[in-house]
> 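Structure incoming, see below.
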There are 2 protein chains.
Amino acid sequence: MSDLLERLRGRGWRLTAQRRVVAEVLDGDHVHYTADEVHAKATDLLPEISRATVYNTLGELVSLGEILEVSTDGRAKRYDPNAHHAHQHLVCSRCGTIRDVHPSGDLLADLPAHERFGFQVSAVEVTYRGICPNCSTA
Amino acid sequence: MSDLLERLRGRGWRLTAQRRVVAEVLDGDHVHYTADEVHAKATDLLPEISRATVYNTLGELVSLGEILEVSTDGRAKRYDPNAHHAHQHLVCSRCGTIRDVHPSGDLLADLPAHERFGFQVSAVEVTYRGICPNCSTA
DNA sequence: ATCCTACATTGGACTTTGTCTAAGTCAAGA
DNA sequence: TCTTGACTTAGACAAAGTCCAATGTAGGAT
């Protein structure tokens, strides 16, 4: 993740404590926090960081293609730092836990030409839904 | 759609003008309105209908499995009356237009056992993204 | 090392989307 | 037609996100 900050500095990003903290919070696998969760965790590291800055920074990271925006439940958007490896999501219908998964096959090719309505189709997002081990035993 | 109302009456639904109007607004193919759009169109037919009733009615129709809730953009949820034929969505990245599409293949089977993390996987939602004919020429 | 300034941050007001509640209304069975 | 419990209403409230004017600061220039 520190190479992320270097990469962004190369693109003219000003390196502030706030941005460093947001990047740090988002580091890891299977991380999918809401903006408010990012803000809460960032506040632990840098108490005076504002909500607006967290939103701004997340928005910039999305624009730059460094993180992904995910909305699996129609409520708050979540942010996924795993933007450099194509993947899909598996979501627990009960507790909302999200895992990154890698389906086999070419998902885009599954949409036949006669079902494309003249669109130039360029991407596909898949959400698998089920019950996680934790919730199925409880 | 009128058989929908009959079906619901059979399930103990009280048949009110408001519910009739919401059902009427949702009738058609490739219909994916937000709650506020449904409210606006319903207001044309029945000026005194309230927002709360539209939300209530949409929620009930979803619970009864008569319509689907779709969130393709992380903003307002949309409602899809085509609940009785499995399908996925194709969304224009520019204007937001949504079409119902039918991919080939077994999408659920594309998730290998070793990528399921012990989940009981039961459903899959797919959103194809691209540019619609209208937006690509404009 | 310090200065400058364009870019970043802040807090709070505002918007959008959706939920809840208490009071009034009405569909449909008796 | 009467009655009653389900339905509807307006408006307050809540959650998620955006916007703005004022203030602060990273990092290049000196």
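In this text, all values refer to a predicted model and were calculated from it rather than measured experimentally. Below, read A as the first sequence line, B as the second, and so on, with proteins coming before strands; counting in each chain starts at 1.
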> Quick check on dT9(D): is either OP1 or OP2 less than 4.0 Å from any side-chain nitrogen or oxygen of Gln18(B)?
yes
> Starting from the 5' end of DNA chain D, give me the residue, Lys77(A) or Asn56(B), whose nearest nucleotide shows up first.
Asn56(B)
> Under a 3.5 Å threshold, yes or no: a donor from one side chain and an acceptor from the other, between His32(B) and Asp100(B)?
yes
> Using atom CD of Glu60(B) as one end and atom P of dT19(C) as the other, report the distance to the nearest whole Å.
12 Å
> Would Asn82(A) and His30(A) count as having a side-chain donor-acceptor pair, cut-off 3.5 Å?
no
> I need the OH-P distance between Tyr33(B) and dT17(C), as an integer number of Å.
17 Å
> Between Leu58(A) (CG) and dA8(C) (P), how many Å, whole number?
15 Å
> With nearest nucleotide decided by heavy atoms, which residue, Ile49(A) or Ala35(B), maps closer to the 5′ end of DNA chain C?
Ile49(A)
> Do you see a donor-acceptor pair shorter than 3.5 Å between the side chains of His87(A) and Asp80(A)?
yes
> Using atom CG of Asp36(A) as one end and atom P of dG17(D) as the other, report the distance to the nearest whole Å.
7 Å
> Pick the nucleotide of DNA chain C nearest each of Trp13(B) and Thr34(B); which residue has the one closer to the 5' end?
Thr34(B)
> Verify whether one side chain among Glu66(A) and His84(A) offers a donor that lies under 3.5 Å from an acceptor in the other.
yes
> Which nucleotide in the set dT17(C), dG17(D), dA28(C) lies at the smallest distance from any side-chain heavy atom of Leu15(B)?
dA28(C)
> Nearest-Å distance, CZ (Arg75(A)) to P (dG18(C))?
10 Å
> For a quick check, tell me whether the side chain of Arg14(A) and the base of dC7(C) share a donor-acceptor pair closer than 3.5 Å.
yes
> Would you kindly give the CD-to-P distance between Glu48(A) and dA8(C), to the nearest whole Å?
18 Å
> Checking all strands, does Ala52(A) fall into the base, sugar-phosphate, or nothing category for heavy-atom contacts under 4.0 angstrom?
base
> Base, sugar-phosphate or nothing for Thr16(A)? Non-hydrogen atoms, less than 4.0 Å.
sugar-phosphate
> Any donor-acceptor pair under 3.5 Å joining the side chain of Arg51(A) to the base of dG11(C)?
no
> Using only side-chain N and O atoms of Ser50(B), determine if any of them is under 4.0 Å from OP1 or OP2 of dT8(D).
no
> For the residue pair His39(A) and Tyr33(A), is the inter-centroid distance of their aromatic rings smaller than 6.0 Å?
no
> In whole Å, what is the span from the CZ atom of Arg20(B) to the P atom of dT8(D)?
11 Å
> Whether Tyr55(A) contacts dG17(D) is assessed here as follows: a side-chain N or O lying under 4.0 Å from the phosphate OP1 or OP2. Is that the case?
yes
> Separation of Arg9(A) atom CZ from dC7(C) atom C1', in whole Å?
16 Å
